[in-house]
Amino acid sequence: MTLKQDPRCYTNVCVGGLWYHYDHCSTRAYVLRGGATPEVTLEREPRTEEELVNMLQSMTPPV
């Protein structure tokens with residue numbers, strides 16, 4: 001699915017047992033957890049949800 005190029009939009013995806021929140025039009029995502037929310041910086045802005053998941057998988061150690 002193509003991600004909307006609108007900074008008001010976001011996508012939540014589960015990767016490696018962790019839920020990530022991604023604000024569109026950025027290169028940052030963070031883990032959805034109560035309290036601490038570890039942030040990751042993506043290598044570039046993803047254009048599709050599949051691309052986003054692939055980027056996050058490459059950064060997430062196996063559970």
Side-chain angles (χ1 to χ4, degrees):
M1 171 176 80
T2 301
L3 299 175
K4 284 188 175 186
Q5 298 302 303
D6 184 340
R8 297 173 295 176
C9 295
Y10 65 90
T11 298
N12 293 330
V13 293
C14 185
V15 175
L18 298 173
W19 279 95
Y20 287 87
H21 175 91
Y22 169 69
D23 290 315
H24 293 200
C25 300
S26 74
T27 57
R28 294 186 185 161
Y30 60 87
V31 178
L32 293 172
R33 284 190 192 165
T37 55
E39 187 176 288
V40 295
T41 302
L42 304 171
E43 59 190 53
R44 65 189 184 321
E45 185 181 323
R47 293 185 172 260
T48 66
E49 188 173 320
E50 181 180 2
E51 208 173 29
L52 172 62
V53 169
N54 289 337
M55 285 183 203
L56 291 170
Q57 282 176 332
S58 70
M59 295 181 191
T60 305
V63 177

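Under the 4.5 Å side-chain criterion, counting only non-hydrogen atoms from C-beta, Cys25 is not in contact with Lys4. Taking the side chain as every heavy atom from C-beta outward, Glu49 and Thr11 approach each other to under 4.5 Å. Between Glu45 and Ser26, every side-chain heavy-atom pair lies at or beyond the 4.5 Å cut-off. Within the 4.5 Å cutoff, no side-chain heavy atoms of Leu3 are placed close to those of Glu51.
Between the NE2 atom in His21 and the CZ atom in Arg28 there is a gap of 12.5 Å [rounded to 0.5 Å]. To the nearest 0.5 Å, atom CD of residue Glu43 and atom OG of residue Ser58 are 6.0 Å apart. In this structure, CD in Glu39 is found 12.0 Å from OH in Tyr20, a value given to the nearest 0.5 Å. How far CG of Leu42 is from CG of Leu56: 6.0 Å, rounded to the nearest 0.5 Å.
Follow the hydrophobic side-chain contacts under 4.5 Å out from Met55 and you never reach Tyr30; the two are in separate clusters. Residue Met59 is grouped with residue Val15 when hydrophobic side chains (ILVMFWY) are merged at heavy-atom distances under 4.5 angstrom, including chains of intermediate members.
For the residue pair Pro46 and Tyr22, the shortest heavy atom distance occurs at CD-OH, 3.3 Å.
With sequence neighbours excluded, the residues that form a side-chain contact (heavy atoms from CB on, under 4.5 Å) with Glu50 are Thr48, Asn54.
By the 4.0 Å N-to-carboxylate-O rule, Arg8 lies close enough to Asp6 to be salt-bridged with it.
Taking the six-membered ring for Trp and the full ring otherwise, the centers of His24 and Tyr10 sit at least 6.0 Å from each other.
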